[in-house]
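Notes for the one structure printed next.
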Amino acid sequence: MDDSRASAKRSGQRNWVSLIPFGLHQQHPNNYKDILDAVWDNRDNLGYAYRILRDGCCDGCSLGTMGMRDWTMKDVHLCWVRLQLLRLNTMPAMDWHRLEDVASLRHMKGKALRKLGRLCVPMIRRRGDKGFRSVSWDEALRLIAERIRQADPHRIGWYLTARGVTNEAYYAHQKVARFIGTNHVDTSARVCHAPSTAALKETVGCSATTCSYTDWIGSDLLVFVGANTANNQPVTLKYLYYAKKAGTKIFVVNPFVEPGMERYWIPSVAESALFGTKLADSFFHIHIGGDIPFFYGVLKHLVEHDWIDRGFIAARTVGWETVQTKVRALPWENLERGAGVTRQEMYRFAETFGRARHAIVVWSMGVTQHRYGTDNVKAIVNLQLARGNVGRAHTGLMPIRGHSGVQGGAEMGAMPGAYSMNYPVNDSNAALFATPDFWGFHPPSWKGLGAAHMILAAERGEIDVLWQSGGNFLETLPEPGRVRLALSRIGLRIHQDIVVSSTMLEDPADLVVLLPSRTRYEQRGGGTETSTERRIIYSPEIPGPRPGEARDEWEIPVLVARQLDPGRAARAFPWRDTHDIRQEIERVCPTYKGIAGLRKKGDQVQYGGPRLLVDRFGTPDGKGRFTPIDLPEETILEERFFLTTRRGKQFNSMVGAEVDPLLGAARDSVLMAAEDAACLKLDPGDIVILRNELGEYRGRVVIDRVKPGSVQVYWPEANGLLPAGRLDPSGVPDYNATVEVIPACG
Ligand code: SF4
């Protein structure tokens, strides 16, 4: 063996976790069992299930696939998230008579409700009815149109989920909402990456990821902040495997030492499946919400050691002097207290980061779901601008999306403050969209409400009609009691969906309508999604069974528009299938140039190319903006703990397993640090009550590597402890709280 091969072998072995095969001695997911479970779950429709996997673009997270391949590596691209979601696409139609009496369904958990099967006929339920009755599409559409005609458009809300919804469906829905006269349009991006969108738009002038996944492999440094991609975008682990092979270092900044980011047994890579792969080189164990002080501390070290790209700063940015002055003046004590780590720890980060030729920062909900989520993202941007880490190969800003629809949904205009492709809602853009080259009708020019604000408005009795395409507010938003009250005050609720959710079963204030929808794989003409790396990917229609009377997801709101005003709707929505919609998107959204030509599996276009902002930022003056953000000093009362929420084996609020396979922890676990448990005289398995002003939560102690002074619980179970009205300026709820931890008996 020559020297270089021997050295490569040694370096590979250094990344092994253990010589015990398959990590049999350690807790980690069993992906082979996930495959067997998927085969068993889909046994009545295996051929169709296989065709979806082979030819469709994954409807799970936002990495994006063509069948079971991608554009980053040659290997198979498949994970448990996709396998778990597969059944939603292959299930037969439900026995809709089960919905005739909702009392029998109320006690059922979400998983059991989904297992009932696909919604297959339109149904209505009026106030006082014990359940739904089936109606024709004509009657359902007539009832909806009648109510919408009577409603003030300022009192109509529109919400779309981000799982599986295609760009064409987002485009159609938001356009119909504007046709009706409302800008209260939103997607589930509002409860995840809206702060990233706001902060990036303001600082670098574009709200998308600036690099590609391929940039990860060979970058000097990859930094993950508040992101557990091992759980939420599992195939990233394969990218990390190749990145490690190429010599990339991985840092993780998080209040919990996530074991999946530390090491993993990647099932489809023989070496990793056998011996495991060590992933993170270093963890930085910050406080919940300690991001801004931590990154200020790192920046302070960069300034003090002159690890700054002054040429880049001078040529391409504004605002550096103000930030530099602010950073120099910030006392280390404040930064250490806020971040929860010492200045030496921040130095350890800064030294590697400051010496790296290139670095990419990847972040997710741990950064955004705070009341200062937008400022958290700006702190990351400050750091990357200081090192010139934007626009070059292996550098970039990456808000990694958890759902396949998040990026495209916002860009198609399903957001309250912008029409398609980020045209801000205002008079001049409304006039532009009224021209024949755009929509040919005048959309409203007032700024609408985001999802959480819509529910708060409904609670005040200010929403008369709420269209929900997917989603489950009762399970996803904080303070479910207040959400329930809000739902009870909405005269007409329309649920367009593929399965039954608990929110649908809430009693009608006046009328609830269920409209059965097709999945992306059933849609005529296929559909597209936009991945985190801005790749617009075509997913073809997959031949197979179609449940009952379900209609295409994009078509249902258009049918309502046609019912409301046939003449105007015929001009505004002349589409026969999704190909027609793609042609219009190409015309209205120049950024999506090329979408009209996507027709078969594998067709895709990455808008902007592999990297954005190569020569110029997207701001009006072309410069990147440093932001002198304030330190968020959280005050925590004596004897209280920070509480944050975590995800287990689940997709959004759809829980797939009662035990988190990464930790082996049950859903009622309360993760806490060993020193806190010792102080409270608690042992693993002890029952504790978490209590604050909003309520109580009962769970069992699990001792793990969470930041002392904090606890972690599974979401959405702990939503009752989270305050509904505490929002980031972009509208994202703060999914954190403070609680007392009280030992309970029995
Ligand atoms: S990592 Fe994401 S895109 Fe890839 S298969 Fe899993 S859920 Fe689908």
Side-chain angles (χ1 to χ4, degrees), residues 62-64 70-73 193 196-197 199-225 227 229 233 235-236 239-240 242-243 246-250 309 311-318 353 356-364 377-378 380-401 406-408 410-411 421-422 529-537 589-595 604-626:
S62 62
L63 287 196
D70 67 18
W71 296 267
T72 305
M73 58 182 185
H193 266 301
S196 305
T197 302
L200 291 175
K201 189 86 193 128
E202 201 179 315
T203 55
V204 299
C206 88
S207 47
T209 284
T210 65
C211 57
S212 300
Y213 307 130
T214 47
D215 283 310
W216 288 18
I217 300 163
S219 181
D220 281 351
L221 181 64
L222 261 177
V223 182
F224 289 86
V225 192
T229 64
Q233 295 91 357
V235 174
T236 54
Y239 301 169
L240 295 185
Y242 289 113
T248 301
K249 268 193 182 325
I250 298 171
D309 187 338
F312 179 89
I313 290 172
R316 298 205 47 196
T317 69
V318 292
F353 183 74
R357 284 164 302 156
H358 22 63
I360 296 172
V361 182
V362 181
W363 70 92
S364 196
V377 177
K378 288 179 179 173
I380 291 171
V381 174
N382 279 346
L383 209 63
Q384 286 293 66
L385 290 182
R387 288 289 307 146
N389 274 331
V390 181
R392 292 183 291 122
H394 304 303
T395 68
L397 295 158
M398 183 176 280
I400 195 161
R401 321 293 190 172
V406 172
Q407 186 75 33
E411 290 172 344
M421 224 51 237
N422 281 322
E529 73 164 54
T530 309
S531 70
T532 285
E533 61 169 0
R534 298 169 276 105
R535 197 177 296 278
I536 307 161
I537 304 166
C589 312
T591 309
Y592 270 52
K593 187 169 166 23
I595 190 174
Q604 53 81 32
V605 53
Q606 187 180 23
Y607 77 72
R611 264 152 245 120
L612 298 180
L613 314 177
V614 173
D615 303 313
R616 189 176 195 284
F617 285 94
T619 49
D621 61 2
K623 305 278 189 188
R625 278 171 178 49
F626 284 96

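When a residue number appears, it is its place in the shown sequence, counting from 1. For clarity, every value in this text was computed on a predicted model and none was experimentally measured.
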* Asked: Any donor-acceptor pair under 3.5 Å linking the side chain of T619 with the backbone of K623?
  -> yes
* Structure fact -> Heavy atoms of S212 and P610 approach each other most closely as OG-O, 2.8 Å
* Would you say the side-chain atoms of R357 pair up with the backbone N or O of D220, donor to acceptor, closer than 3.5 Å? -> no
* To do: Could you tell me whether K249 atom NZ has more than 12 heavy atoms of other residues or ligands within 6.0 Å of it?
  => no
* Between T229 (side chain) and Q233 (backbone), is there a donor-acceptor pair under 3.5 Å? -> no
* Qualifying residues under side-chain hydrogen bond (donor to acceptor under 3.5 Å, both in side chains), relative to S364, sequence neighbours excluded -> none
* Structure fact -> Residues at least two apart in sequence or cross-chain that pass side-chain hydrogen bond (donor to acceptor under 3.5 Å, both in side chains) with Y213, listed by chain then number, are none
* For residues T532 and L63, determine if any side-chain heavy atom of one lies less than 4.5 Å from a side-chain heavy atom of the other. => no
* Asked: With side chains defined as the heavy atoms from C-beta onward, is the minimum distance between V318 and F626 less than 4.5 Å?
  -> no
* To do: Answer yes or no: is there a donor N or O on one side and an acceptor on the other, between the side chain of T210 and the main chain of V390, under 3.5 Å?
  => no
* Tell me, do V204 and L397 make a side-chain contact under 4.5 Å, heavy atoms counted? -> yes
* Atom pair CD (E411) and CD1 (I536), whose distance is rounded to the nearest 0.5 Å -> 7.5 Å
* To do: Examine R316 relative to F617 and say whether NZ or CZ is less than 6.0 Å from the centre of the six-membered ring and inside a 45° cone about the ring axis.
  => yes
* If only atom types and distance count, is the side chain of R616 paired as donor or acceptor with the main-chain N or O of V614 below 3.5 Å? -> no
* Asked: Any sub-3.5 Å donor-acceptor pair from D70's side-chain atoms to M73's backbone N or O?
  -> yes
* Structure fact -> Value for CE (M398) from OG (S196), rounded to nearest 0.5 Å, stands at 12.5 Å
* Any donor-acceptor N/O pair, R392 side chain to G388 backbone, under 3.5 Å -> yes
* Residues D215, R611: salt bridge by 4.0 Å N-O rule -> yes
* For T248 and I217, indicate whether the former's side chain and the latter's backbone hold a donor-acceptor pair under 3.5 Å. => no
* Asked: Using 4.0 Å as the upper bound for N to carboxylate O, is an ion pair formed by E202 and K378?
  -> yes
* Asked: S531 side chain to G64 main-chain N or O, any donor-acceptor pair under 3.5 Å?
  -> no
* Structure fact -> When every non-hydrogen atom of T209 is compared with those of P399, the smallest separation belongs to OG1-CD, 3.2 Å
